[in-house]
Protein chains: 2
Amino acid sequence: MDLRHLRYFIAVAEEQNIGRAATRLHISQPPLTRQIQQLEEELGVRLLNRTPRGVELTQAGALFLDEARNIRAVVEQATERTQRAGQGKLGRLDVGIFGTAILDAIPKLLLAFRRSYPEVKIVLHTMNKGEQIEALRQRRITVGFNRMLAPLPDITTRLVANERLLLAMSHTSPLAAQESVPFPALRDHPLVLFPTGARPNFIDKVMTLCHEAGFEPLVSQEVSDAITGVALAAGGFGVCLVPESTTSLALPGVIYKPLTGLPDHAQVDLSCIYRSDDQSPILEAFLGTIEQMRSTLQSGAALTE
Amino acid sequence: MDLRHLRYFIAVAEEQNIGRAATRLHISQPPLTRQIQQLEEELGVRLLNRTPRGVELTQAGALFLDEARNIRAVVEQATERTQRAGQGKLGRLDVGIFGTAILDAIPKLLLAFRRSYPEVKIVLHTMNKGEQIEALRQRRITVGFNRMLAPLPDITTRLVANERLLLAMSHTSPLAAQESVPFPALRDHPLVLFPTGARPNFIDKVMTLCHEAGFEPLVSQEVSDAITGVALAAGGFGVCLVPESTTSLALPGVIYKPLTGLPDHAQVDLSCIYRSDDQSPILEAFLGTIEQMRSTLQSGAALTE
DNA sequence: GATGATCATACTTTAAAGGTATTAATCGGT
DNA sequence: ACCGATTAATACCTTTAAAGTATGATCATC
């Protein structure tokens, strides 16, 4: 049996007349007669009673007509859904994010994407840099978000946002009186550094900046993540360099100050990563959304709302 | 798109390999490749990613696989239901019955049919003889039940049961003392006759029997149906000839007596009628059930349970 | 870099759907 | 009661499309 048989049978049943149905189907009458006979033979069921002025459905034929219309509808819906999936409008997007950096830019981006593609289910997975790479390769996620990524041949990196560095400290810190802090002034202050994850990491970056400014930092403590770092800074362990978006973390007793005298490359990136050979339309759609959000997500803008 | 495309796609998706799927489908690999390409082209959607060691589903492909399996199941179910309908096992049987004669034999028959064909919905329509003929011609019913039918060219009649005649009377009637009543004795007793419907009817039959026995009956009253006739007999209007199954009507004060001295053709028939050109499998099935019940439904047996 | 596996392409064969002409059956109208 | 119109069925031919065979292109693995 074939969808053609169903289409033909529906026409015949609706016209109650094989000749008219043939006209409607843009074929001639004899092949239609044969197709219907074939259908009946294959089912082993008499679907039509032939009369001198047309045909009429048997009881089985009437039931089959219902079934045929239902099948037609199911097929149409399947086609339509598949096409939407093929256009990236329907499906699922697994996103790898890392704990504390998922502030500001990423929610904005995901919200914009969800507005444009409401039928794509976004599934978030919290994982660190190495886990994201691994998950991308195993197709467990389609995109990841991270900072300071070393280039890899099979993973494409795309900058989403750049953020300035700020200094987090306790409100009792001697630096708290100033409106802004010149970077070289940090030479005399113990630093809380994070994260202690896979290299290259933010600690490496801070160390490099200090060396470029001509001093060896006083390392008070190295911790695993931003929350811990800011918490220790608030507790007076030292000052802590953080990306601007971290200011969303309003821990009690902590204040943030801008830094002066930093080079341009002192900004810290937030990047999106995905498999270089991934051609899925949902990824295309997501990258398109990033492109549209480009200006909104760049440095500074991240704090405007 | 074609059911073949779906079958092929399911095989390819399950094997993750076009060559193996082709083997499973008993075709060679190139036409399978082409059919899949055709399917993708028609949908406008990439369903598979080709790799050097086979194929893997895209997200749209995975969705389409689900849809395809669903369509396959729907088609299978439609086929199966249609076939059952074609065998008379699924569907509906509209039956015309007439009020008071629907005693004993017809319920037994319908119960037996329902046991054999539980998925056929039996719909009962109460209508008299003329209405049944009309309804048969208009296909509003498939079978009717009635008595004393004149033969018609487009309607086939089939005897279902024969019943003896009994005499209904008040327990105060002078005939009530006897164990049985010789038919000619009715010459001296007023008769209640029924029904006053389309000819030929039961009244005609009783008149004929009386004439054959050599007397003109004393007609006390003609009424429209058996219940009324038996009720009048119970009230002393006279005696009333009834088919044996009417004894199911146990009205207060009424007693039934057998008759002697009646010819064989004095039995009254219960017949099933249907359109002579009706070939519906459900009708076939119903007639088959009547055939099986033949012995059970014949005269006498109607009162044994 | 050779080998084996896999999908894609080119070309031929085969099967099946579609077309034309005609027949058979039935109904309505004269 | 016959004739024409209408309808489905059949016979035969044409065209389309699916399946087969042979071969090429690509990539992973040893």
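Each chain gets a letter, A, B and so on, in the order the sequences are listed, and its residues count up from 1.
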Interatomic distance, B/Glu41 CD vs C/dA8 P [rounded to whole Å]: 13 Å
Atom of A/Gly88, atom of A/Pro281 and distance for their closest heavy-atom approach: N-CB, 3.6 Å
Whole-Å distance separating the CG atom of B/Leu47 from the C1' atom of C/dC7: 16 Å
Value in whole Å for how far the C1' atom of C/dA5 lies from CZ of B/Arg50: 17 Å
A/Gln138 versus A/Glu134, side-chain donor and acceptor atoms under 3.5 Å: yes
Note: A/Arg137-A/Asp154 ion pair, threshold 4.0 Å (strictly below): yes
Where protein sits on nucleotides 19-30 of chain C, one letter per nucleotide: B base, S sugar-phosphate only, - none, heavy atoms under 4.0 Å: BBB----SS---
A/Met1 CE to C/dA16 P, straight-line distance once rounded to whole Å: 17 Å
For atom CG of B/Asn49 and atom P of D/dC27, their distance in whole Å: 14 Å
Positions of residues 3-21 of chain B (non-hydrogen atom under 4.0 Å from DNA chain D), listed by number: B/Arg4, B/Tyr8
Pairwise ring pair (Phe, Tyr, Trp, His ring centres under 6.0 Å) hits with a residue in residues 68-97 of chain B, at least two apart: none
For residues 69-76 of chain A, which side-chain donor-acceptor pairs fall under 3.5 Å, sequence neighbours excluded?
residue: A/Arg69; atom: NH2; partner: A/Glu14; partner atom: OE2; Å: 2.9

Of all pairs that satisfy salt bridge (charged side-chain N to carboxylate O under 4.0 Å, His left out), the ones with a partner from residues 50-60 of chain A, not counting sequence neighbours: A/Glu40-A/Arg50, A/Glu56-B/Arg139
Where at least one partner belongs to residues 25-74 of chain B, residue pairs that pass ring pair (Phe, Tyr, Trp, His ring centres under 6.0 Å), sequence neighbours excluded: B/Phe9-B/Phe64
Heavy-atom pair of closest approach, residues A/Ala85 and B/Leu63: CB-CD1, 4.4 Å
Closest to the B/Thr33 side chain, choosing from C/dA8, D/dT10, D/dA19: C/dA8
Any B/Gln38 side-chain N or O less than 4.0 Å from OP1/OP2 of D/dA17: no
Protein-nucleotide distance (B/Leu32, atom CG; C/dT9, atom C1'), rounded to Å: 15 Å
Spacing between A/Glu40 atom CD and D/dA8 atom C1', to the nearest angstrom: 12 Å
Which atom of B/Ala198 lies closest to which atom of B/Lys129, heavy atoms considered: O-NZ, 3.5 Å
Length of the CD-P vector between A/Gln37 and D/dT7, whole Å: 18 Å
